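To keep things clear, I will list the structure first and then write my remarks on it.
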Protein chains: 2
Amino acid sequence: MNYSKTYLKIINTAYKLIAENGYDKTSINNIVKEAGISKGGLYHYFKSKEELFIKVVEYIFQSFDFINIFNSSTITIDNYMDKLKNIGKMFSLIDAQDENYFKFQNEFMIQALRDENIKGILTEIYNEFMPMIENLFLHLKNIGVSLREKNIKTLSEKVFVFLDGLMIYKGFGISLDCEKLWNSFLEDLII
Amino acid sequence: MNYSKTYLKIINTAYKLIAENGYDKTSINNIVKEAGISKGGLYHYFKSKEELFIKVVEYIFQSFDFINIFNSSTITIDNYMDKLKNIGKMFSLIDAQDENYFKFQNEFMIQALRDENIKGILTEIYNEFMPMIENLFLHLKNIGVSLREKNIKTLSEKVFVFLDGLMIYKGFGISLDCEKLWNSFLEDLII
DNA sequence: GTCTATACAAAGATAGAC
DNA sequence: GTCTATCTTTGTATAGAC
């Protein structure tokens, strides 16, 4: 896509302010003031606050590569533990690259509760994400890793809940050593 | 405490509306309309919207007995697994008793991010809750339960993240079998 | 203790000039 | 494509009668 300079300035300013203060506490006035543009200018690109938020969500998530992180094609019996532990490392990596990411993600989930259009995007992401985890553990089972929980669906949901718990804490700014907790969680999964 | 009928009507209406629609989307106008009282009447009891929210939080949490759930005094080597599994049962129990509980709790955590006074209450709860989990696992270790994670602090944080992950999903209305996931999680903790 | 009426600020959104 | 000016609604909160 070919975005104009002003369009991107609005997207990035909205992203930053929503991550910092939340969707409801971020007004159109705040955004245009911070971006150094006018209200009329913003409404030229986005027909409503909701549309702007959806565009920001899409812009942010398209840059995040889930598939690569949970890709099981290169995982063998010799390297699987390292590969799994790498998932935990993404917490530090994302944090270093963009301190607002987890906060914005929390805000996105909160708004999904209250807006059907936004909930639709969350459902899409969930429907992409869940099978990736399931495939990953199915692959592990097939290459001979002994998993304590035999039911792949239960196991995947458990992993999903834990990963999301960690992400939410990151978003809340609570200082937990996510990498350490993830590694400990992983080791418990395997006999 | 001896609360007046109107006071309790306001508290309960605010609780319900905030759980359903969130703090920001719940206006004083909504509350007084739903409660069937006047705006002047509400401001007679609460000096601001923030004060009302804090009173609702305090009212709700005082009725919830954390200590009893994590009490380790009756736990022995023979009954520990059943006692631990009981913690998972609270999800269904609370749900049956009050369908708004987890939604309100999510809203409380969200607002704690944006309001220092509300964050204070969350910190208090965390500081009460964390040592209870730590004591529980210390007790288990002492009575001879073999825990895979030897570091009690890491173990407790892991449990905390998972429990909270489950609660948040409950609040989001996502249908996961929390009891099953909790049981599977528990079994992984023990050798 | 409860009400009505009102003040005041801020929100989202639009019209129309340039 | 960007601006200023303006509309309309809604929000929190207060004053003062009963």
Side-chain angles (χ1 to χ4, degrees), chain A residues 1-59 107-108 110-119, chain B residues 1-57 59 107-108 110-118:
Chain A
M1 287 266 206
N2 212 357
Y3 301 112
S4 82
K5 201 177 161 184
T6 305
Y7 182 94
L8 288 177
K9 184 172 250 174
I10 297 167
I11 291 278
N12 284 308
T13 306
Y15 172 66
K16 175 173 167 281
L17 292 179
I18 290 169
E20 285 171 359
N21 309 315
Y23 179 79
D24 290 305
K25 296 261 183 301
T26 302
S27 69
I28 300 293
N29 285 319
N30 295 151
I31 296 169
V32 296
K33 199 179 168 189
E34 175 90 10
I37 59 153
S38 68
K39 218 184 271 201
L42 186 147
Y43 275 98
H44 171 74
Y45 288 103
F46 308 95
K47 79 169 204 288
S48 66
K49 191 186 173 186
E50 190 206 31
E51 182 180 293
L52 168 57
F53 185 58
I54 289 173
K55 295 293 183 194
V56 175
V57 169
E58 287 172 351
Y59 184 77
E107 199 54 36
F108 166 54
I110 292 158
Q111 292 312 314
L113 272 175
R114 289 161 200 161
D115 186 312
E116 281 304 313
N117 295 323
I118 295 166
K119 190 172 193 165
Chain B
M1 285 269 207
N2 211 358
Y3 300 113
S4 82
K5 201 176 160 184
T6 304
Y7 182 92
L8 288 176
K9 184 171 248 173
I10 297 166
I11 291 277
N12 282 310
T13 306
Y15 171 66
K16 175 174 168 280
L17 291 179
I18 290 169
E20 285 171 358
N21 309 315
Y23 179 80
D24 289 305
K25 295 262 184 299
T26 302
S27 69
I28 299 294
N29 285 320
N30 295 151
I31 296 169
V32 296
K33 198 179 168 188
E34 175 91 10
I37 58 154
S38 69
K39 221 182 268 199
L42 186 147
Y43 276 99
H44 170 72
Y45 288 102
F46 307 96
K47 77 169 208 287
S48 67
K49 190 185 174 186
E50 191 207 29
E51 182 180 292
L52 168 57
F53 184 59
I54 289 173
K55 294 295 181 192
V56 176
V57 170
Y59 185 77
E107 199 54 35
F108 166 55
I110 293 157
Q111 292 312 314
L113 271 174
R114 287 157 203 167
D115 185 313
E116 281 304 314
N117 296 323
I118 297 167

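Keep in mind it's a predicted model, so treat the numbers as computed, not measured. Each chain gets a letter, A, B and so on, in the order its sequence line appears, and its residues count up from 1.
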_Atom-to-atom span, CZ of F46(A) to P of dT14(C) - whole angstrom_ = 15 Å
_I need the OH-P distance between Y43(B) and dA7(C), as an integer number of Å._
17 Å
*asked:* Taking any atom closer than 4.0 angstrom to a non-hydrogen atom of chain B, what span of DNA chain D does the protein reach, first nucleotide to last?
replied: dG11(D) to dT14(D)
*Value in whole Å for how far the C1' atom of dA15(C) lies from NE2 of H44(A)*: 15 Å
*Who pairs with F46(B) by ring pair (Phe, Tyr, Trp, His ring centres under 6.0 Å), at least two apart in sequence or on another chain?*
Y7(B)
*asked:* Working note: L42(B) + L52(B), criterion side chain to side chain contact (heavy atoms under 4.5 Å, CB included); need CA distance, chi angles, decisive distance, verdict.
replied: CA-CA 9 Å; L42(B) 186 147; L52(B) 168 57; 4.2 Å; yes
_Counting the atoms with a prime plus P, OP1 and OP2 as sugar-phosphate, which does S4(A) contact under 4.0 Å by heavy atoms, base, sugar-phosphate, or nothing?_
nothing
*asked:* Heavy-atom nearest nucleotide on DNA chain C for Y23(A) versus T6(B): which residue maps closer to 5'?
replied: T6(B)
*Write out all pairs satisfying salt bridge (Lys or Arg N to Asp or Glu O under 4.0 Å) with one or both partners inside residues 24-35 of chain B, taking only residues at least two apart or from two chains.*
D24(A)-K25(B), K25(A)-D24(B), K16(B)-E34(B)
*Hey, does the side chain of K49(B) reach the backbone of Y23(B) with a donor-acceptor pair shorter than 3.5 angstrom?*
yes
*Rounding to a whole Å, what distance do you find between K49(A):NZ and dT14(C):P?*
15 Å
*May I have the distance from E50(A) (atom CD) to dA11(C) (atom P), rounded to whole angstrom?*
19 Å
_Backbone N/O of Q111(B) and side chain of D115(B): donor-acceptor pair under 3.5 Å_ = no
*Do any side-chain nitrogens or oxygens of S38(B) fall under 4.0 Å of OP1 or OP2 in dT4(C)?*
no
*To the nearest 0.5 Å, tell me how far Y45(B) OH sits from I10(B) CD1.*
6.5 Å
